[in-house]
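Counting starts at 1 for both ligands and their atoms, in listed order.
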Amino acid sequence: MRSRRPGLLVSLLAGAATVGALLTAAPAHAADPPLRDLADARGKVVGTAVTGSKLTGTYGEVAGREFNSLTPGNAMKWGSVEPVRGRHDWAEADRIVAFAEAHGQQVRGHTLVWHSQNPGWLTDGTWTRDELSAVLNDHIDTEVGRYKGRLAAWDVVNEPFEEDGTYRRTLWYDTLGPDYIAQALTRARAADPGADLYINDYNVEGVNAKSTALYDLVKSLKERGVPVDGVGLQAHLIVGQVPSTVRQNIQRFADLGVDVAITELDIRMQLPATEAKLAQQAADYRSVVSACAAVDRCTGVTVWGFTDSDSWIPDTFPGEGAATPYDENYAPKPAYHAIAQALGGGGGQPADGCTATYGVTGQWNTGFTGQVRISCAGASLASWKVSWTYGEGQRVSQAWNATCAQSGAVVTCGNAAWNGTVPDGGSVTFGFNASWSGSNGVPVVTLG
Ligand code: G2I
């Protein structure tokens, strides 16, 4: 949580928090290598957005240790680098690039052409088509030229589409027409032929009208010979709502002949965070990272801030937060371990990535209805079997969508003929009726 007006008390508390943070900043699991080692071994990026001024102390240690790529969260935006026309301020951007170079990390430039976080002189100006075109070219020449040869990729165009797949009405679109996109890409290629050039947007993670518009745009740009190397799927997601078509969507872009990067992953929840929400969030992180890991042309995943203390969510969505893999004191959350697993860490057990969750969905004086969900993220199943032991005399009388048998206190359920497959990122649920008396606690369910 950012303190807006730090008075003395707040400063003292912040000091205390820093001490706590130092104590909890040890690597996640003694056995886990840093995320960047896991990603390197698979030829993938695991990156984070960073704030340049924070790259010291624990924040700098974790950023340098765990990630092989950095994206400046704000420092390379037009409003940051040229607040006054012709007067540039590169201090924070330079600092991030220097930090990355010192730590053997890639840098993803973000972003050249956007409708937001532009300087007032640009947005308040009145521009002819030719004037604006020249201003855009000059901006790209200057910024891309400055970091030529040092950046792996640029988000050249950011958020060009509306939700329905029409072009977003912006200064760029309204003045230059849709070809501002081709112009920016062509200019960026000339300014740094070594950087991969991306179009980046949000709500394009699954197959939908907006991602299809992006797909059609990339297809036509490629047909015209306009340089475009990849698409960035931002992935600002909500716990429990990862689209089911992420992998399919990544694959269709890959099949088009461009790279795909998950560029701004965060998965927010209503606060307070509970264990159940954090577990769901971990499954969600696992499914996104696994979807990328499964497709060769998916270059990797960047999180939009690695700690909850450096996330845009609480300011923009009041009451929501806890969206990143580390908590506010730099303690890794279940989501961190899920990312590690999806990158091949965490022991690599075959059932890793699939879990069974038992719940009581209705209960009356002598009976109850229960449900078990088998979910996979980072793995899949061709068939399944779960079992649990009742400690309080419950007896299953009937089940649906599974074949169940009870012997003494032990209940064993296997898939029905039609629902043995649990895809990566998917789940299967079955239900049952049972009797109870006295108490009806939740048993531990074993999968496999
Ligand atoms: O909005 C989330 C992201 C969506 N995709 C493009 C990204 O560039 C964008 O990042 C966020 C930054 O993480 C925020 O930090 O972009 C926001 C602006 O749209 C950034 O917020 C701004 C605040 O609005 C300003 O008040 C603040 O001065 O961050 C600035 C620097 O801290």
Side-chain ion pair, R189 and D229, N-O less than 4.0 Å: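 The answer is yes: the pair qualifies as a salt bridge.
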How long is the straight-line distance from [atom2] of [Y] back to [atom1] of [X], given to the nearest 0.5 Å?
X: T170; Y: N158; atom1: OG1; atom2: CG; result: 11.5 Å
X: K44; Y: T299; atom1: NZ; atom2: OG1; result: 7.5 Å
X: D327; Y: Y336; atom1: CG; atom2: OH; result: 13.5 Å
X: Q117; Y: N74; atom1: CD; atom2: CG; result: 4.5 Å

Within the 4.0 Å heavy-atom shell around [X], which atoms of ligand 1 are there?
X: H236; answer: 3 (C), 4 (C), 5 (N)
X: N158; answer: 6 (C)
X: E159; answer: 4 (C), 5 (N), 6 (C)

Nitrogen or oxygen of K77 less than 3.5 angstrom from that of ligand 1: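 By distance alone, the answer is yes.
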The one among W304, W312, W114 that brings a heavy atom closest to atom 10 (O) of ligand 1: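 When every heavy atom of W304, W312, W114 is considered, W304 comes closest to atom 10 (O) of ligand 1.
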Proximal candidate to atom 7 (C) of ligand 1 [heavy atom criterion; set Q234, H110, M76]: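 Minimum heavy-atom distance to atom 7 (C) of ligand 1 goes to H110.
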